[in-house]
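Shown next, in structure tokens, is the structure this report addresses.
Chain naming here is simple, since letters A, B, ... match the order of the sequence lines and numbering starts at 1 in each. All values derive from a computational prediction rather than experimental measurement. These values consider heavy atoms only, across backbone and side chains, with no hydrogens, waters or symmetry-generated copies.
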Amino acid sequence: MKLFADDAWRTTWNYFKESKGGLLGLGFLGLVMFCVIFADIIAPFDPSLQNRDALLLPPIWTEAGHWPYILGTDAVGRDVLSRLIYGARYSMFIGFVVVSLAVIVGTLLGLLAGYYQGWVDTVIMRLMDVILAFPSLLLALGLVAVLGPGLVNAMYAIALVMLPHFVRLTRANVLSEKNRDYVVASRIVGASNWRLMFNSILPNCMAPLIVQATLSFSNAILDAAALGFLGMGAQPPIPEWGAMLAEAREFISRAWWVVTFPGLAILLTVLSINLVGDALRDALDPRMRRS
Amino acid sequence: MFKFILGKIILLIPTFLGITLAAFLFVRLLPGDPVTILSGERGISEERRAEMIAQLGLDQPVIVQYFTYLKHILQGDFGQSISTHRPVVEEFFERLPATLELAFFAILIAVLIGVPAGIIAAVKRGRWPDHVLMGSALTGYSMPIFWWGLLLIMLFSTILGWTPVSGRLDIINYYFDPVTGFMTVDAWLSGQEGAVKSALHHLILPSVVLSTIPMAVIARQTRSAMLEVLGEDYIRTAYAKGLPTWRVIGIHALRNAMITVVTVIGLQVGSLMAGAVLTETIFSWPGVGKWMIDAISHRDYPAVQGGLLFISMLVMLVNLIVDLMYGWINPRVRDGK
């Protein structure tokens with residue numbers, strides 16, 4: 001199934017590269033992806049290796065810091081930089097799994113609701129209203145409380161609270177597309193419901209879904225880090241950025257570097273994704289192109 | 001108008017039932033049955049167990065159990081906290097003022113900075129103030145506020161020593177009984193000199209942290225609402241009439257952009273409650289967010305269940321008010337289909 005013609009990709013890219021912010025974000029994400037892929041090679045240390053002779057060492061540009069602990073060490077002597085590099089794997093993995101889950105299930109439910117309408121629509125949409133009625137992080141927290149703290153459960157919980165956005169978006173697009181001439185024409189020539197939904201309608205609903213997926217990616221990373229920080233997500237000694245911050249909290253008055261760098265990594269990653277998301281939205285929205 | 005209000009309220013009923021059903025099922029999802037959870041780690045005898053099952057109505061069909069639960073909720077009975085043995089309603093409403101006070105100041109800061117920032121960005125579109133303001137807004141929007149809170153504590157409390165690290169009042173120098181639960185108001189009512197200042201002093205850092213994301217959203221939305229309005233014919237007419245710029249922007253444009261802005265502010269309530277959980281945890285602020293986190297870590301399920309239910313009902317109520325306000329400001333919404 002081809003969702004986009006080559007031409008559409010090229011046009012989108014041409015508009016995208018006009019956004020400096022988008023390119024900057026893409027560049028930083030490239031760096032993060034580099035860390036994700038080559039973490040084993042570029043990280044100076046094993047992320048869980050404890051060096052008892054180097055507890056709470058500051059970064060190398062301060063007086064007390066020394067090589068090779070570039071960003072210093074934490075309270076048990078683990079290298080902060082190595083943990084950040086490995087942590088990138090967790091954050092990107094979380095974002096990818098959560099968004100994939102939410103997109104696949106959400107698009108499917110949205111297609112069903114919009115295409116069949118009637119009671120299918122009512123049931124699905126009322127369910128989504130219920131999920132939306134809870135503040136997302138709180139619902140995720142409640143779910144994790146039931147399922148038990150941990151990274152995998154946190155990912156399920158975040159995917160669930162993101163679901164309604166994809167369902168609503170897909171449904172709205174399906175409703176506006178399903179009576180267009182090209183859909184009616186394929187129906188007349190005998191296309192099955194399945195074919196109409198996935199081959200005719202879905203490809204024309206992709207643009208807003210891509211933008212929503214990008215923005216959800218950053219939310220997934222933020223929410224997972226928040227859960228990790230609250231002790232409900234990734235558990236120590238996993239070098240997930242949120243969990244690292246939770247461990248660093250008690251050293252706030254003694255070791256600024258263990259608090260500063262994990263948060264900075266979260267901020268820069270999330271900001272880059274949002275920059276890319278904004279630029280993508282402008283590039284994919286024909287109305288924005290003209291202005 | 002009456003029909004409009006009634007329609008909005010009727011639409012909430014299925015959602016309300018859904019929320020209560022979700023809260024009811026929430027406890028069913030737990031591994032083990034409620035009696036095991038209620039009886040704690042030491043366990044209880046078989047007779048006592050059977051007694052408790054009958055007492056809690058667990059021998060009834062699930063659907064009957066749900067309606068019993070619903071009946072209790074409608075009567076204001078949200079169950080009892082396992083750790084304190086007090087009604088969840090009491091526990092919740094005791095802490096709600098602290099959260100509301102924090103949320104109120106956060107929204108106040110967010111609006112006071114976010115709206116002007118959005119207006120300036122729209123008026124200076126494409127020039128450096130726009131880039132700086134919108135860059136900051138996107139950074140604020142991407143902020144992990146739990147880290148932001150730690151950074152601010154590190155800077156303003158630990159290094160500079162300007163603000164306290166946690167709590168709501170300097171309890172060594174001031175004491176008074178809570179009247180309203182809002183520390184600033186109670187401090188003022190107590191008449192003790194310096195108490196209000198101390199309360200505000202404790203409030204400033206947490207409210208700045210909590211305001212960050214709503215501020216960013218408000219600034220971005222104000223900008224796009226203003227940009228839309230600034231392109232309208234009546235704005236051109238206002239300029240053509242020779243009105244000064246501040247009048248055109250401050251009165252003609254802003255008034256129409258406010259409809260969007262008010263909606264956005266209303267929609268922030270949900271995320272504000274979520275943000276309160278993180279902010280209250282960092283600053284040991286004794287509100288409902290911290291209470292929920294404590295309840296989760298103590299496995300106090302009735303409290304978690306009740307808290308989730310209350311908070312979502314609160315969000316629902318605020319959204320209803322925003323909807324109604326929207327209909328009141330904009331007659332097209334009220335009468336149109």
Side-chain angles (χ1 to χ4, degrees), chain A residues 20-21 25 122 126-149 161 218-219 221-223 225-226 228-232 241-242 245-246 248-249 252-254 256 259-260 262-275 277-278 291, chain B residues 11-12 14-19 21-23 26-27 29-31 131 134-135 138-139 141-148 150-151 153-155 157-159 165 227 269-278 281-282 289 292-293 295-297 299 301 304-305 307-309 311-313 315-316 319:
Chain A
K20 279 187 205 129
T122 312
R126 289 295 82 76
L127 263 175
M128 294 305 125
D129 282 351
V130 171
I131 299 178
L132 276 179
F134 295 98
S136 64
L137 186 70
L138 274 176
L139 181 58
L141 265 173
L143 284 170
V144 173
V146 173
L147 300 169
V161 299
S218 62
N219 274 331
I221 293 179
L222 263 187
D223 281 358
F229 178 74
L230 292 170
M232 302 289 161
W241 295 336
L245 268 177
R249 233 181 109 180
I252 187 166
S253 55
R254 295 198 277 141
W256 58 269
V259 179
T260 308
L264 200 60
I266 302 173
L267 173 63
L268 290 177
T269 309
V270 171
L271 181 61
S272 303
I273 298 170
N274 284 337
L275 281 169
D278 271 10
S291 63
Chain B
L11 269 179
L12 284 183
T15 316
F16 172 75
L17 288 177
I19 292 173
L21 186 64
F26 174 80
V27 172
L29 275 173
L30 289 169
H131 294 310
M134 285 306 109
L138 195 66
T139 310
Y141 182 71
S142 311
M143 190 65 85
I145 61 164
F146 43 98
W147 174 67
W148 181 225
L150 293 179
L151 273 194
I153 291 177
M154 214 151 69
L155 181 64
S157 307
T158 315
I159 300 175
V165 178
L227 281 179
V269 175
S271 61
L272 212 57
M273 291 309 291
V277 173
L278 292 165
T281 308
I282 301 165
M292 286 277 291
I293 293 290
I296 290 173
S297 51
R299 306 196 154 255
Y301 294 111
V304 179
Q305 187 185 31
L308 269 175
L309 202 58
I311 291 173
S312 54
M313 276 165 33
V315 173
M316 234 165 76
N319 286 341

Can you tell which part of S136(A) gets under 4.5 Å to a heavy atom of chain B, answering side chain, backbone, both or neither? neither

Please classify the contact between L151(B) and chain A as side chain, backbone, both or neither, with a heavy-atom cut-off of under 4.5 Å. side chain

Which heavy atom of L309(B) sits nearest to which heavy atom of A23(B), and what is that distance? CD1-CB, 3.7 Å

Taking every non-hydrogen pair under 4.5 Å, which of I266(A), N274(A), D129(A) racks up the most with chain B? N274(A)

When the 4.5 angstrom heavy-atom criterion is applied to T281(B) and chain A, the contacting part is both

When only pairs under 4.5 Å are counted, which of L127(A), T269(A), D278(A), L139(A) shares the most heavy-atom pairs with chain B? D278(A)

State the CG-OH distance between L271(A) and Y141(B), to the nearest 0.5 angstrom. 12.0 Å

Heaviest contributor of heavy-atom pairs below 4.5 Å to chain B, chosen from V259(A), L132(A), I273(A), is V259(A)

Which heavy atom of P149(A) sits nearest a heavy atom of G231(A), and at what distance? CB-O, 3.9 Å

Given that the side chain runs from C-beta out, which part of I282(B) has a heavy atom under 4.5 Å from chain A: side chain, backbone, both or neither? both

Under 4.5 Å from any heavy atom of chain B, what part of L230(A) do you find: side chain, backbone, both or neither? side chain

For chain A, the option from P14(B), G289(B), G135(B), A274(B) that forms the most heavy-atom pairs under 4.5 Å: A274(B)

Closest heavy-atom pair and its distance - V130(A), G18(B): CG2-CA, 3.5 Å

To check you understand the geometry: which heavy-atom pair defines the closest contact between S142(B) and L267(A), and what is its length? O-CD1, 3.7 Å

I'd like to verify something: which residue of A246(A), G242(A), A225(A), S218(A) has the highest number of heavy-atom pairs under 4.5 Å with chain B? A225(A)

Which atoms of S312(B) approach chain A - backbone, side chain, both or neither, heavy atom under 4.5 Å: both

Of all heavy-atom pairs linking A145(A) and I296(B), the shortest is CB-CG2, 3.5 Å

Checked N219(A), L141(A), V144(A), I252(A) vs chain B; the most non-hydrogen pairs under 4.5 Å come from I252(A)

Contact class of M143(B) relative to chain A, heavy atoms under 4.5 angstrom: both

With a 4.5 angstrom heavy-atom cut-off, could you sort out which part of F229(A) is near chain B: side chain, backbone, both or neither? side chain

Cut-off 4.5 Å, heavy atoms of chain B, and the answer for L275(A) is both

Hey, are the side chains of P144(B) and V270(A) touching, using non-hydrogen atoms and a 4.5 Å cut-off? no

Kindly check if the number of other-residue, nucleotide or ligand heavy atoms within 6.0 Å of CH2 (W256(A)) is above 12? yes

Taking all non-hydrogen atoms of both residues into account, name the closest pair between P135(A) and M273(B) and its distance. CG-CB, 4.2 Å

